[in-house]
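Only this structure's heavy atoms are used, side chains among them; waters, hydrogens and symmetry mates stay out.
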Amino acid sequence: MGYRQAAVLTSVSFFLGVLFICLNVDYRILFTPFTEGTARDGIEFYTTFYNSPPAIKALLHSIMGVGLLGLVGKLHKWDDSAMFFDGSSLAAYIFALAVYLTVGIPACRTVADPVPDVDTKDDQIEALRILSAGNTIIIVLLGAILALQAGEQWARRIEANILQQAAEEQQQQKPATTVEADTESKKDK
């Protein structure tokens, strides 16, 4: 495993950790009967998340960039493995970023900082549900990236084993053909 693979696995695992923390709130919003207490907890949680210091937001976004650069760097090799596993991982990562940018940020903004006289309490609750659903979609996509990266390593190990067995078989056949050639040349004399 090289630095590019480590960059991908680190960033994906980091964001899965962040999203699993959010899943404590998201699960109750999406999969349990919705109550005012659930709405209050979700609004408080995402308001705290939205109002975090700029350094934390910069860290999150820079780690997103590291993951993207790692996947593009792995794709640079451009063999069959890179095209299938890393290309699919890159597509899933870009889709996860698109969900984050187009769903996550606006919904979090509506939940944490509603526009006065425009966003009602119902709008906040709807944004909270949309944000939770978007986070769940991102979790699935990041899990798929981890599965693809594991599949790539598994395929490389299988390929290395097959190549090693073929080399050993070829090496075992080489001395046998040399002995047969020596026997035939002695018969010709």
Side-chain angles (χ1 to χ4, degrees), residues 3-75 85-151:
Y3 290 113
R4 292 174 282 210
Q5 176 115 15
V8 172
L9 294 178
T10 302
S11 65
V12 169
S13 298
F14 177 79
F15 284 111
L16 275 174
V18 170
L19 289 169
F20 278 132
I21 291 169
C22 294
L23 191 63
N24 289 323
V25 174
D26 294 341
Y27 181 81
R28 290 185 296 156
I29 293 169
L30 292 175
F31 304 114
T32 61
F34 195 76
T35 63
E36 279 299 316
T38 304
R40 187 182 61 251
D41 290 345
I43 290 171
E44 287 176 5
F45 177 80
Y46 283 111
T47 300
T48 304
F49 196 77
Y50 182 77
N51 292 327
S52 64
I56 292 174
K57 293 175 186 174
L59 174 71
L60 289 172
H61 293 132
S62 63
I63 291 176
M64 282 181 203
V66 167
L68 189 61
L69 288 175
L71 281 169
V72 170
K74 286 184 73 181
L75 194 61
F85 293 108
D86 296 330
S88 299
S89 294
L90 183 62
Y93 198 81
I94 289 173
F95 186 61
L97 286 176
V99 170
Y100 169 73
L101 292 173
T102 59
V103 174
I105 291 175
C108 195
R109 185 178 298 127
T110 301
V111 168
D113 189 22
V115 177
D117 299 328
V118 175
D119 291 331
T120 64
K121 183 76 168 176
D122 290 336
D123 292 335
Q124 278 186 301
I125 291 172
E126 188 65 29
L128 192 60
R129 288 180 173 155
I130 291 170
L131 179 59
S132 297
N135 286 346
T136 305
I137 291 169
I138 294 172
I139 287 172
V140 170
L141 290 168
L142 294 178
I145 292 170
L146 286 181
L148 284 166
Q149 295 302 306

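- No more than 12 heavy atoms of other residues, nucleotides or ligands shown are found within 6.0 angstrom of CZ on Arg4.
- The OG atom of Ser11 sits 8.0 Å away from atom CD1 of Ile145, with the distance rounded to the nearest 0.5 Å.
- With rounding to the nearest 0.5 Å, the separation of CD in Gln5 from CG in Leu71 is 9.5 Å.
- Within the cation-pi definition used here (under 6.0 Å to the ring centroid, within 45° of the axis), Lys74 does not qualify as a partner of Tyr3.
- Counting only N and O atoms by type, the side chains of Asp26 and Tyr46 include a donor and acceptor under 3.5 Å apart.
- A distance of 6.5 Å separates CG in Leu142 from CG in Leu19, rounded to the nearest 0.5 Å.
- Minimum heavy-atom separation, Leu9 to Ser13: O-OG, 2.8 Å.
- With contacts defined as side-chain heavy-atom distances shorter than 4.5 Å, the pair Leu68/Ile94 qualifies.
- Atom SG of Cys22 is separated from atom CZ of Phe15 by 11.0 Å, given to the nearest 0.5 angstrom.
- Residues Leu16 and Leu146 form a side-chain contact, since some pair of their non-hydrogen atoms from C-beta on lies under 4.5 Å apart.
- Across all non-hydrogen atoms, the minimal contact from Gly42 to Val25 is CA-CG1, 3.5 Å.
- In Phe34, the CZ atom is crowded: over 12 heavy atoms of neighbouring residues, nucleotides or ligands sit closer than 6.0 Å.
- For the pair Asp123 (side chain) and Thr120 (backbone), a donor-acceptor distance under 3.5 Å is present.
- With rounding to the nearest 0.5 angstrom, the CD1 atom of Ile29 is 12.0 Å from the CD1 atom of Ile130.
- Expressed to the nearest 0.5 Å, how far CD1 of Ile21 lies from CZ of Phe49 amounts to 8.5 Å.
- With contacts defined as side-chain heavy-atom distances shorter than 4.5 Å, the pair Lys121/Ile43 qualifies.
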Under the side chain to side chain contact (heavy atoms under 4.5 Å, CB included) criterion, do Phe45 and Val111 qualify, and how do the steps go?
CA-CA 10 Å; Phe45 177 80; Val111 168; over 6 Å; no

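- Qualifying side chain to side chain donor-acceptor pair (under 3.5 Å) partners for Ser89, counting only residues two or more places apart in sequence or in other chains: Gln149.
- Between Leu148 and Ser88 the shortest heavy-atom distance is CD1-CB, 3.6 Å.
- Nearest heavy-atom pair, Val8 versus Gly70, reported as atom, atom and distance to 0.1 Å: CG2-C, 3.6 Å.
- Val72 places a side-chain heavy atom less than 4.5 Å from the side chain of Leu90.
- Put simply, the side chain of Tyr93 gets close to the backbone of Met64: a donor and an acceptor are under 3.5 Å apart.
- Side-chain atoms of Thr10 never come within 3.5 Å of backbone atoms of Ala7 as a donor-acceptor pair (strictly under, hydrogens ignored).
- Looking only at distances, a side-chain donor or acceptor of Lys57 sits under 3.5 Å from a matching main-chain atom of Tyr50.
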